[in-house]
Amino acid sequence: MSNFSETLTEVKTDILHASISLENEKKERNQKEDSVRMLKARRAIEKHLEEKRLNHAISNGWDE
């Protein structure tokens, strides 16, 4: 019975480690997706501001 208990404990430990690994991978994937989303948003904002500055410069003339 002792051997069975040890084997069961090992299986439970393996399952716990696998679960923790999956959760960590999920967190890492979410962080990467969030980073990509934030980068896209920042680039869109920068593009919008640059277009706004360009339109302002064109409407006021280039030499001002």
Side-chain angles (χ1 to χ4, degrees):
M1 192 66 172
S2 175
N3 191 25
F4 177 76
S5 292
E6 289 175 11
T7 303
L8 185 59
T9 300
E10 289 176 10
V11 169
K12 286 180 180 179
T13 302
D14 289 345
I15 291 172
L16 179 63
H17 287 154
S19 175
I20 291 170
S21 289
L22 287 173
E23 192 63 32
N24 287 340
E25 288 177 15
K26 182 180 175 183
K27 286 179 185 178
E28 287 178 17
R29 186 177 63 246
N30 287 341
Q31 286 176 342
K32 287 179 183 179
E33 290 172 356
D34 289 346
S35 294
V36 169
R37 199 169 22 259
M38 291 298 291
L39 180 60
K40 286 181 180 180
R42 187 168 54 243
R43 285 182 177 163
I45 291 168
E46 290 171 356
K47 181 180 177 184
H48 171 75
L49 293 175
E50 183 62 29
E51 288 176 359
K52 191 174 177 180
R53 284 190 289 269
L54 181 60
N55 286 333
H56 181 72
I58 290 171
S59 67
N60 289 332
W62 288 98
D63 55 351
E64 291 184 15

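Note that the numbering runs from 1 along the sequence shown for the chain.
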Other cluster members, L49 - Ile/Leu/Val/Met/Phe/Trp/Tyr, side-chain contacts below 4.5 Å: I45

Partners passing side chain to side chain donor-acceptor pair (under 3.5 Å) against H48 (at least two apart in sequence or in another chain): none

Within residues 10-20 or reaching into it, pairs that qualify as salt bridge (Lys or Arg N to Asp or Glu O under 4.0 Å) - sequence neighbours excluded: none

Derivation and outcome, side-chain contact (heavy atoms from CB on, under 4.5 Å), residues E51 and K47: CA-CA 6 Å; E51 288 176 359; K47 181 180 177 184; 3.2 Å; yes

Which side-chain N or O atoms in residues 30-43 pair as donor and acceptor under 3.5 Å with protein atoms at least two apart or in another chain?
from, atom 1, to, atom 2, distance (Å)
N30, ND2, K26, O, 3.4
D34, OD1, R37, NH2, 2.3
S35, OG, Q31, O, 3.0

For T9, side chain to side chain contact (heavy atoms under 4.5 Å, CB included) partners two or more places apart: T13

Donor-acceptor under 3.5 Å (S19 side chain, I15 main chain): no

Residues that E50 engages under salt bridge (charged side-chain N to carboxylate O under 4.0 Å, His left out), provided they are two or more places apart: R53

